[in-house]
Amino acid sequence: MTKVLAIDDSRTIRNLLRVSLEGAGFEFHSACDGAEGVEIFPDVDPDVVITDINMPKLDGFGVIDALRTGPNRTNVPILVLTTESSDDLKARARTAGATGWIVKPFDDASLVSVLRRLTGHVA
Amino acid sequence: MSGNSIRDTFFEECEELLEALVEGLSGMEEAPGDMEIVNAVFRAVHSIKGGAGAFGLDRLVGFAHTFETVMDKVRGQELAVDESLMGLFHRAGDFLSDLVTAARDESDVNDETEAGLIKELEAYLGPGGEETEFMFEALTLDMGDEAPQPTRRRFDIAFRPTRALYENGHEPLLLFDSLADLGDLSVTADLSALPDFNKFDPSDAVLSWRLSLVTAESETTLHEIFEFVEGLCTLDIDTTDEPAEAATAPLDLGPVMRPAPPDVDDMLAGDDAEDAMAESPDRGASDRPATSLPGSSKDARGPKPTLRVDLDRVDRLINTVGELIINQAMISQRIEELDLPTVAHLTNELEAYKLLARDIQEGVMAIRAQPVKPLFQRMSRIVREASDATGKKAKMVTVGDSTEVDKTVIERLADPLTHMIRNAVDHGLEKPDIRKAAGKDVTGTIRLSAAHRSGSVFIEVSDDGAGLNRERILQKAIEKQLVAADVELSEPEIDNLLFLPGFSTASQVSNLSGRGVGMDVVKNAVSALGGRVSISSTPGKGTTFTIVLPLTLAVMDGFVISVADQTMVIPIASILETIRPRAKDIHIVGTDSEVISLRGSYVPIVDVAENLGLGDGAERGNAGTLLLVSTETHGLTALRVSGIHDQRQVVIKSLESNYTAIPGVSAATILGDGKIALILDPEELIKLAHTPVHETASQQARMELRHG
């Protein structure tokens, strides 16, 4: 089963992601801030990471940086979850090493289709 | 988890976020320049916006966005926070809270307030504010939007990934899969850049592809698929309107490019890029611990791990523990009744059982206990609103806001506290010029404190205003015929007149506290929680209201008493002293009123059995046992009962939910012998005793007696 690690400090968003993704057949894991996300990453060993940008302790850019250049350096797809859809933010996310982005509010279908494109997951 | 429960958790989370917001705003005042706090405030607003967007709460999203944008400017240090902006933030926070409530209850909010606040907020955004206009964007790109064409077209795509594409977690194969979903796809790999085996770097990007897709989809759809990889590859898309059959024209890619060195450098220099980004004004207030200000570690403030439990489960547990305590009492009693020859060791075990049961009960009650902080935080808003409405200057100081109180108590205290705080600002504090003339700080202080003392919770609302105007209070009470014109009252008695129903000191009805609700409503709400409220006031110095509440609503300490031939329980908290009167101290006044002379004053006697309809006053004249209680409306009164048997902790069982409300009886409990006993409500009981008689006359009589 395709494993997703979602990192977001909003319980509401985590819940929404869980419902959408478990419904689409993903194995869902979550962390409530960047630091926790990076910490549990090796144990969860996800196929794709979804991360919020604005979070306490370690923000989304920090998460990407840690996952791309840290000791557990990985090329796993990382999706940035953002309410902002400016080109500037996308460029920054890309430069930081993000694979793609999802603009909040997201709908189930586009979320799943994006994940499918990044992981090859078939429901 | 259903959609509704996600929605519920969103609103629950909003409560927490709003709390964090209020706390953060206070923090901003205390420690201006602490970017960690500004960030926390920003995040709170931002998270509310994010969640609200998911549920299509557009109005909430819109307001939160404007709020957040201004906060972002503060975060980016483009905007300095002064007193008026701080005030605006507070009001915006309050309104955000209103919007959340409105969204939850699907009620309405004041449009004018919203428009006004948005205007004020936007004023801080300056003329450039327009560019940040906010709208949600779906997952589409608005480039090259052509009219939808049902005709099939051929797209020739030259796709050459850079190393960064792989490093960012992309997989070309999956991209091709997505393309293949759109129509007929053919893929040719270009291996020309493949180096010799001994020069091969597995992490380098050496492959490129030529793809040919025949589809009815628009080019926009194609770009959507490549959206994430744009900038990480060279991508050329040629469109041909020819029929699919002609789609075999060879693609001339020209000289194959070397893997682009600048991209590689970019990636190798990734750290520098990160650093540069951290310094950009947009990210000036980075969330990273490394850049946070000293002494402002978020970790230290971070919440302790918690477990969210359905309240019903806790209440079920509390109920069961109540049964356990009753069961323990019954076992003790049965063993006593057995009259065994040697029970010493058994009694020890029983005593241990009793202590354990108490420990469990306290532990369970602690689950329901919550700090008063959120409640107090809400009150700071009331102070702000009240001072705005009255043109007075006021600030709120809270003390002991980590004091924990039962959840129900907190919920039911909100209204009385709101009323008291409004009163304190409206009636308690003086106008700024008067304060100045009196040599006081122009800004009045409303102090809200909570503390645990001797098994009770003390909550105090005090102001540093002018103090109660007793002359006016008395005059008002006489005008309203609440007391007789020639009555002589002590200062505390005058103060207590405030609690009489129908009393209101405001000579003109202000739009604030004069809503037809008096302090009697506060008093009733507090008594309903098993507590009491009192006043103390010093002219020129201010007034303090003290609310004393039991720690829990589930158990209480009571006297087991007998009334006629019934066993009943009376709350110990309400009893000042117990008296075994001598017959000569009891006097008959008028035709049927009894009083006891107690240390030089006369206290009316209320016969409990008679008032509950259990006896015909047979014990009249009989000394019995008197319990001295102090009531707010009727002063000191002695309750006559037949006898006191025991003092014990009893589990409160609601009569209203199991049977029906009985005047003078607050609840019931189960005693050690398994029998049900009624728990008396002294205040109500005494009120009951006074109802048949004409209210004013009896009160006057009492007043006279007490000072006779």
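Proteins get letters first, then strands, A, B, ... in listed order; numbering begins at 1 in each. Note: hydrogens, waters and symmetry copies are ignored here, and every other heavy atom, side chains too, is used.
Across A:Arg68, A:Arg73, A:Arg11, the residue that shares the most heavy-atom pairs under 4.5 angstrom with chain B is A:Arg11. Taking B:Gly169, B:Ser47, B:Cys14, B:Gly51 one by one and counting their heavy-atom pairs under 4.5 Å with chain A, the maximum is reached by B:Gly169.
A:Arg116 contributes no side-chain N or O that, together with a main-chain N or O of B:Leu174, makes up a donor-acceptor pair within less than 3.5 Å. B:Asn168 places a side-chain N or O within donor-acceptor distance of the main-chain N or O of A:Ala98, the cut-off being under 3.5 Å.
With a 4.5 Å cut-off on non-hydrogen atoms, B:Phe11 does not touch chain A at all. Contacts between B:His170 and chain A at a heavy-atom distance below 4.5 Å involve backbone atoms as well as side-chain atoms. Looking at A:Ser113, neither its backbone nor its side chain comes within 4.5 Å of chain B, counting heavy atoms on both sides. Both the backbone and the side chain of B:Glu13 come within contact range of chain A, judged by heavy atoms closer than 4.5 Å. Contact annotation for B:Ile225: both backbone and side-chain heavy atoms come within less than 4.5 Å of a heavy atom of chain A. Within the 4.5 angstrom heavy-atom criterion, only side-chain atoms of B:Glu16, from C-beta onward, approach chain A.
Atoms CG and OG1, from B:Leu232 and A:Thr99 in turn, are 9.0 Å apart once rounded to the nearest 0.5 Å. How far CG of A:Leu16 is from CZ of B:Arg7: 11.5 Å, rounded to the nearest 0.5 Å. Summarising the geometry, atom CD1 belonging to B:Ile48 is positioned 10.0 Å from atom OG belonging to A:Ser10; distances are rounded to the nearest 0.5 Å.
Under the side chain to side chain contact (heavy atoms under 4.5 Å, CB included) criterion, B:Leu222 pairs with B:Phe155, B:Ile157, B:Leu179, B:Leu182, B:Leu213, B:Ile237, not counting sequence neighbours.
A salt bridge links B:Glu227 with A:Lys90: the distance from a Lys NZ or Arg NE/NH1/NH2 to an Asp or Glu carboxylate oxygen falls below 4.0 Å. A salt bridge between A:Arg117 and B:Asp181 is absent, with no side-chain N of the basic residue lying under 4.0 Å from a carboxylate O of the acidic one.
A side-chain donor from one of B:Thr9 and A:Asn15 sits under 3.5 Å from a side-chain acceptor of the other.
Scanning both residues, B:Phe228 and A:Leu79, for their nearest heavy atoms gives CE1-CD2, 3.9 Å.
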- request: I would like to know whether B:Arg43 and A:Asp9 meet side chain to side chain contact (heavy atoms under 4.5 Å, CB included); could you show each step before the answer?
  value: CA-CA 9 Å; B:Arg43 268 201 306 273; A:Asp9 57 334; 3.8 Å; yes

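Sequence neighbours left out, the pairs with a member in residues 20-37 of chain A that pass salt bridge (Lys or Arg N to Asp or Glu O under 4.0 Å) are A:Arg18-A:Glu22, A:Asp33-A:Lys57.
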